[in-house]
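Everything on this sheet refers to the single structure shown next.
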Amino acid sequence: MDTRADTIAAVATAPGVGGVGVLRVSGPLAPSIARTLLGREPQPRHAHYAAFRDAAGELVDRGLLLLFPAPRSYTGEDVLELQTHGSPVVLRLLLARAIELGARHARPGEFSERAFLNGKLDLAQAEAVADLVASGSAAAARAAQRSLDGEFSQRVNALVESVVRLRVWIEAAIDFPEDEIDFLAVPQLAADLDALRRQLDELLIAARRGVRLTDGLHVVIVGRPNVGKSSLLNALAASERAIVTDIAGTTRDVLRETIDLDGIALTLVDTAGLREAGDVVEREGIRRARAELERADLALLVTDDARTDADLALLDEVPAEAARLVVHNKIDLADASPRIDMRNAHVHLWLSAKSRAGLDLLVAELKRHAGVEEGSGAFSARARHVAALERARAHLAAAAEALEVQRAGEIAAEELRQAQHVLGEITGEFTSDDLLGEIFASFCIGK
Ligand code: GDP
């Protein structure tokens, strides 16, 4: 069965008292449903004021009716939109009416899925629709809007074009075996591949920032027992979830606390001190702490100044890609003032979890890392995109190796083909049904 042939209907707004309700219908029956509800032929893309009635002719609500004939619509199909009072009852009755007239309930994300299948949006743009709906801050919303506008996709497509150009060059060389070595040794080829790899690295950095904006920042707190990690977590989260105590090593489990800083989700993970553990429970805590560190965007090293240099060694456990921030806690004991400084390539911050002095500096620094402040030009992205870019990078590195070290044109061409394929997964040029199902199932109904 061609699922696209049937007509779907769903409430496209979260119904609330006082707001506007929108019912959306997409598919071949949309024009006839529109005709029935309006009582005459609707004019395309024209707002009609209409009285919406149920099957018995009873008035449900008055509102606007708009018909967008295919292909100039969100889904690329015939689309009908009804704007009513945002009453859940009204919307339910109108949805039931649309179903009586031949539509079926839409699955989550089905409108965007159809838009994707009909070439109205690529996959990264469709994902941006969901990210826009879910965005928790103005910065995240702006970033999602940029991806929806296609800024991210355009940069991916530009990479794909460069990959294809290089592939064509190398494949042409392979076709003339007697000249192959000379062709592959042309400096311009190596230079172009180099430029392409730099371009991809830049996009990868931007995409990682996009993920942080979309998903929030994953912050892991590390430090010896008793330096005040739990206190800091509590001060930031303003909750009592982590147990604060004077006995070293009580924070045995890895605790998670997600807080919202101006709409940016910050996940703080308080870990058992990363010291050699005495018992089994503590060893398990340390194992989990290391696992959390692997996923950290930012490691927050807490120290109480007594042993800062020794504590800095803890940062060796942090993955290379993660940013680092050193927090000197308990300045109240030394009667010191909060401040922020660069030292040995790390940002250092002096504060007190207890008196809360300097907490504002920490919050500002966290927001900077979350990408809130560099909002200009940022676009939203997902972990799936970053993973694809990383795989593409590995293929390009292998292509460079094949070309420059082994002069193996066939291998280089194959690596480029794979890089092209992986990049195509981002925009949905190459995708499996499973992946599509997974992506669109996470959308809300009506989108
Ligand atoms: P953790 O083991 O690193 O999680 O440390 P805790 O948060 O449990 O704190 C250990 C002890 O230090 C507790 O008695 C806290 O009250 C105390 N503490 C934490 N932060 C501060 C601070 O900024 N100033 C002072 N004076 N004491 C603090």
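What's counted below: heavy atoms across the whole structure, side chains too, no hydrogens, waters or symmetry copies. What you see is a predicted model; the values in this text were computed from it and never measured. We count ligands from 1, going down the list as the structure has it; atoms in each ligand are counted the same way.
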Inset, instruction - Flag Leu333 as yes when one of its N or O atoms lies below 3.5 Å from any N or O atom of ligand 1, and as no otherwise. - result: no
Legend entry - Polar contact flag, side-chain donor to acceptor under 3.5 angstrom, Thr75-Ser26: yes
Inset, instruction - Taking atom types as modelled, find out whether Glu161 and Asn157 have a side-chain donor-acceptor pair closer than 3.5 angstrom. - result: no
Legend entry - Side chain to side chain, Asp131 and Leu148, heavy atoms closer than 4.5 Å: no
Inset, instruction - Using a 4.0 Å heavy-atom threshold (strictly under), name the region of Asn226 that reaches ligand 1: side chain, backbone, both or neither. - result: both
Legend entry - Ligand-side contact atoms (ligand 1) for residue partner Lys229, heavy atom cut-off under 4.0 Å: 1 (P), 2 (O), 3 (O), 4 (O), 5 (O), 7 (O)
Inset, instruction - May I ask you to check whether Ala353 has an N/O atom sitting below 3.5 Å from an N/O atom of ligand 1? - result: yes
Legend entry - Region of Val227 engaging ligand 1 - heavy atom pairs below 4.0 Å: both
Inset, instruction - Mark up the atoms of ligand 1 that fall under 4.0 Å of a heavy atom belonging to Ser231, in ascending order. - result: 6 (P), 7 (O), 9 (O), 15 (C), 19 (C), 20 (N)
Inset, instruction - Check whether any side-chain heavy atom of Leu159 sits under 4.5 Å from a side-chain heavy atom of Gln199, and report yes or no. - result: yes
Legend entry - Whether Arg212 side chain and His369 backbone form a donor-acceptor pair below 3.5 Å: yes
